2 protein chains.
Amino acid sequence: MSPLDVTRSRMDGLGSEAEICINCGSRSVGLCAPLDAAALGDMARATERIRLAPREPLFRQGEPATHVYTLTDGTARLTRVLADGRQAAIGFRFPGDILGFTPGAEHAFGAETLTEATVCRLDRKRLDALFRRYPVLERRFLELCARELAATQDHVLALGRFTAEERCAAFLISLVEAQEKRGHAGPVFRLHATRADIGEFLGLTLETVSRTFSAFRKRGLIRLHGQSGIELTDRDTLAALAAGEGEA
Amino acid sequence: MSPLDVTRSRMDGLGSEAEICINCGSRSVGLCAPLDAAALGDMARATERIRLAPREPLFRQGEPATHVYTLTDGTARLTRVLADGRQAAIGFRFPGDILGFTPGAEHAFGAETLTEATVCRLDRKRLDALFRRYPVLERRFLELCARELAATQDHVLALGRFTAEERCAAFLISLVEAQEKRGHAGPVFRLHATRADIGEFLGLTLETVSRTFSAFRKRGLIRLHGQSGIELTDRDTLAALAAGEGEA
DNA sequence: CGAAGGTTTGAGACTAATCAAATAAAGTGG
DNA sequence: CCACTTTATTTGATTAGTCTCAAACCTTCG
């Protein structure tokens, strides 16, 4: 398990399968697993599908949290901003991930697409009604939140303690692991994030990300395919770097 | 609201009062507010009080999460460690805060006291039984978890984007705000954390923390009283520094 | 093909880490 | 209560790592 896991917060281990809309109520998805057929019907009736263009916001920080989303296709990033305008990416999300759930009234962070994307959204009021009817569902969201908290804490460790090289290596490893969990096992991974996006997530400048990737390439650890394609050619060494074994 | 808030995750705004044991079931505490008298009795009967020495662990990362704790006296810090031994402090906790709740089977981080402390602990099995009986309680823990997540995300921002000076200023502001919320409004705040503890939380070395505090002292922003006493003498300037207005 | 946006690479500046030593505070035993 | 020990803090000098500013080079797309 990589210490810098961009995807730990999805429903892994809860029986999920990528590409299936959780909101739409498929039984094979973790969130819905404990629900009976009637409950699934309730959920499915309340959802709607939305297509989004690249770099289009799903919701912004501070907006009323009117819906919960499931990303069914494409990738998205989550960002948090401060009053003075500085911002950071706090995660990337992939098909199967749930976005925008919060027990509060407003979104604590924003979400925007990186690619063309499809989401399935469920009205918050209906979700609350489902909570009342099926309390076990609330437990699922609590588990999801705790998982996200653990991932964010690891991100704190990474930003506070890792060098640029370690952060980049851990990031690449976590991306490939995320890809594998989703069954997309091709050698080339396409995250449609710019170097600036990645830098915002890793607490680095885009130049440092670029330099570090170039160094990896020259050492034969990765191969770049166009702007957004990345292939890990020496995963073991990258994993060792990510674990702080650069010298040892 | 400071961006680097060590205490956002406590039950502020949910009607809590410091120094009252949540596990013990006082009605004036947020967690228990939605419960009726019978439920409070259920909770109170299931708790036990424990005294701890300074630097004594409450629980360690990876241990089975057998209990949930309320800190009733003293201060504690939370730490997360990586496989390679590197670790970071992920927060400080004060009287009234809840510690060690997780929906998973094991603690995702460790907690240890900084001072002599008293905690009140509730057996996890009994808590689960209470959840079944009073589902509204589970919603409280979800809110708590979401609050903690937001605080941790802000910490990510701070570590990724703030200079040493900004981190130290934000940290001091958040400590004083925490103190005020608890009603301990004296001018001198005592966190019993060493410079090394603070550095572990802020992603800095102990020398950098010391140098930054010294610089604040020379500029008349703070006054130090012994090793652990800190007094903010120019809070506005510190708040401006914390908000990234060092130059502007 | 040209334009726009993204990436790579370089040079220099600056922040914070490291290594090291001196000072101050807290704890201990006489 | 004092001297001694231990632990924590402060300060200094140097180094390493990352940022900033700048320019050239790719990619992608119209």
Side-chain angles (χ1 to χ4, degrees), chain A residues 53-55 77 86 88-89 114-116 158-169 171-172 188 190-219 221-230 241 244 246-247, chain B residues 53-55 77 86 88-89 114-116 158-172 188 190-219 221-231 241 244 246-247:
Chain A
R55 299 281 164 181
R77 69 167 191 155
R86 283 181 292 194
L114 292 176
T115 62
E116 292 203 332
L159 295 190
R161 292 266 166 282
F162 285 17
T163 64
E165 186 178 69
E166 289 167 342
R167 291 182 216 181
C168 287
F171 177 70
L172 292 172
V188 178
R190 295 198 171 272
L191 179 73
H192 294 264
T194 65
R195 299 285 182 266
D197 290 327
I198 298 171
E200 254 181 45
F201 179 67
L202 297 177
L204 301 169
T205 59
L206 67 94
E207 292 97 330
T208 298
V209 174
S210 176
R211 270 185 250 273
T212 307
F213 281 8
S214 291
F216 286 167
R217 181 168 46 75
K218 284 168 189 158
R219 291 166 65 181
L221 308 184
I222 64 174
R223 198 172 299 156
L224 300 176
H225 299 261
Q227 277 190 188
S228 74
I230 300 177
L241 287 176
E247 309 302 278
Chain B
R55 299 281 164 181
R77 68 166 191 155
R86 282 180 293 194
L114 291 176
T115 61
E116 292 203 333
L159 296 191
R161 293 263 167 284
F162 284 18
T163 64
E165 186 179 69
E166 289 167 343
R167 292 182 216 181
C168 288
F171 176 70
L172 292 173
V188 178
R190 295 198 172 272
L191 178 74
H192 293 265
T194 65
R195 299 285 182 265
D197 290 326
I198 297 170
E200 256 181 42
F201 179 68
L202 297 178
L204 301 169
T205 59
L206 68 93
E207 293 95 330
T208 298
V209 174
S210 175
R211 267 184 250 274
T212 308
F213 282 8
S214 291
F216 286 167
R217 182 169 43 76
K218 284 167 189 159
R219 290 167 66 181
L221 308 184
I222 65 174
R223 198 172 298 157
L224 300 176
H225 300 260
Q227 274 188 197
S228 74
I230 299 176
E231 177 185 358
L241 287 176
E247 309 300 280

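Worth knowing before you read on, the calculation uses all heavy atoms, side chains too, and leaves out hydrogens, waters and symmetry mates. Small disclaimer: the values here were computed from a predicted structure and weren't measured.
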*Asks:* Using distance only, find each side-chain donor-acceptor pair of residues 196-207 of chain B under 3.5 Å and give its atom names and separation, not counting sequence neighbours.
*Replies:*
unit_1, atom_1, unit_2, atom_2, d
B:Asp197, OD1, B:Arg55, NH1, 3.4
B:Asp197, OD1, B:Arg77, NH1, 3.2
B:Asp197, OD2, B:Arg55, NH1, 3.3
B:Asp197, OD2, B:Arg55, NH2, 2.4
B:Asp197, OD2, B:Thr194, N, 3.0
B:Asp197, OD2, B:Thr194, OG1, 3.3
B:Glu200, OE1, B:Arg77, NH1, 3.1
B:Glu200, OE1, B:Gln87, NE2, 3.1
B:Thr205, OG1, B:Thr208, N, 3.3
B:Thr205, OG1, B:Thr208, OG1, 3.1

*Asks:* Could you run down nucleotides 12-23 of chain C 5' to 3' and tag each one B, S or - for protein heavy-atom contact under 4.0 Å?
*Replies:* ----SSBB----
*Asks:* Using atom CZ of B:Arg190 as one end and atom P of C:dA25 as the other, report the distance to the nearest whole Å.
*Replies:*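 The answer, rounded to whole Å, is 12 Å.
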*Asks:* Quick one, A:Val188 with A:Ile230, criterion side-chain contact (heavy atoms from CB on, under 4.5 Å). Give me CA distance, side-chain angles, the key distance, then yes/no.
*Replies:* CA-CA 5 Å; A:Val188 178; A:Ile230 300 177; over 6 Å; no
*Asks:* Using the heavy-atom set of chain A and a strict 4.0 Å cut-off, write down the first and last nucleotide of DNA chain D that makes it in, 5' to 3'.
*Replies:*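 Terminal contacting nucleotides, 5' to 3': D:dT18 to D:dT28.
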*Asks:* Which pair of heavy atoms, one from B:Ile222 and one from B:Phe213, lies closest together, and at what distance?
*Replies:*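 Looking at all heavy atoms of both residues, the closest pair is CD1-O, 3.5 Å.
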*Asks:* Of all residues at least two apart in sequence or in a different chain, which pass the side-chain hydrogen bond (donor to acceptor under 3.5 Å, both in side chains) check with B:Gln227?
*Replies:*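 B:Gln227 satisfies side-chain hydrogen bond (donor to acceptor under 3.5 Å, both in side chains) with no residue once adjacent residues are dropped.
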*Asks:* Is a salt bridge present between A:Glu166 and B:Arg86, judged by a nitrogen-to-oxygen distance below 4.0 Å?
*Replies:* yes
*Asks:* Would A:Arg219 and A:Glu165 satisfy salt bridge (Lys or Arg N to Asp or Glu O under 4.0 Å), going step by step from the backbone distance to the final call?
*Replies:* CA-CA 13 Å; A:Arg219 291 166 65 181; A:Glu165 186 178 69; 3.1 Å; yes
*Asks:* How many angstroms lie between CD in B:Glu231 and NE2 in B:His225, if you round to the nearest 0.5 Å?
*Replies:* 4.0 Å
*Asks:* Going by the rule salt bridge (charged side-chain N to carboxylate O under 4.0 Å, His left out), which residues pair with B:Arg195 if we only count those two or more places apart in sequence or in a different chain?
*Replies:*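 B:Arg195: no salt bridge (charged side-chain N to carboxylate O under 4.0 Å, His left out) contacts found.
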*Asks:* Could you tell me whether the side chain of A:Val209 reaches within less than 4.5 Å of the side chain of A:Phe171, counting heavy atoms only?
*Replies:*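 No, too far: nothing below the 4.5 Å cut-off.
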*Asks:* Just report the end-to-end axis angle for the helix from C:dC1-D:dG30 to C:dG30-D:dC1, five pairs per end, to 10 degrees.
*Replies:* 50°
*Asks:* Whole angstrom is fine here: how far is it from CZ in A:Phe216 over to P in C:dT8?
*Replies:* 13 Å
*Asks:* Residues in side-chain hydrogen bond (donor to acceptor under 3.5 Å, both in side chains) with A:Arg211, at least two apart?
*Replies:* none
*Asks:* Using every non-hydrogen atom in the two residues, find where B:Arg167 and B:Ala158 come nearest and quote the distance to one decimal.
*Replies:* NE-O, 3.6 Å
*Asks:* For A:Glu116, which residues count as a side chain to side chain contact (heavy atoms under 4.5 Å, CB included) partner, sequence neighbours excluded?
*Replies:* A:Arg51, A:Pro54
*Asks:* Under 4.0 angstrom, heavy atoms only, what part of the nucleic acid is A:Ser214 near: base, sugar-phosphate, or nothing?
*Replies:*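 Sugar-phosphate only.
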*Asks:* Can you name the nearest heavy-atom pair linking A:Leu241 to A:Ala169, along with the distance?
*Replies:* CB-CB, 3.9 Å
*Asks:* Heavy atoms within less than 4.0 Å of DNA chain D: which residues of residues 192-199 of chain A have one? Give them sorted by number.
*Replies:*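 Within this stretch, nothing sits under 4.0 Å of the strand.
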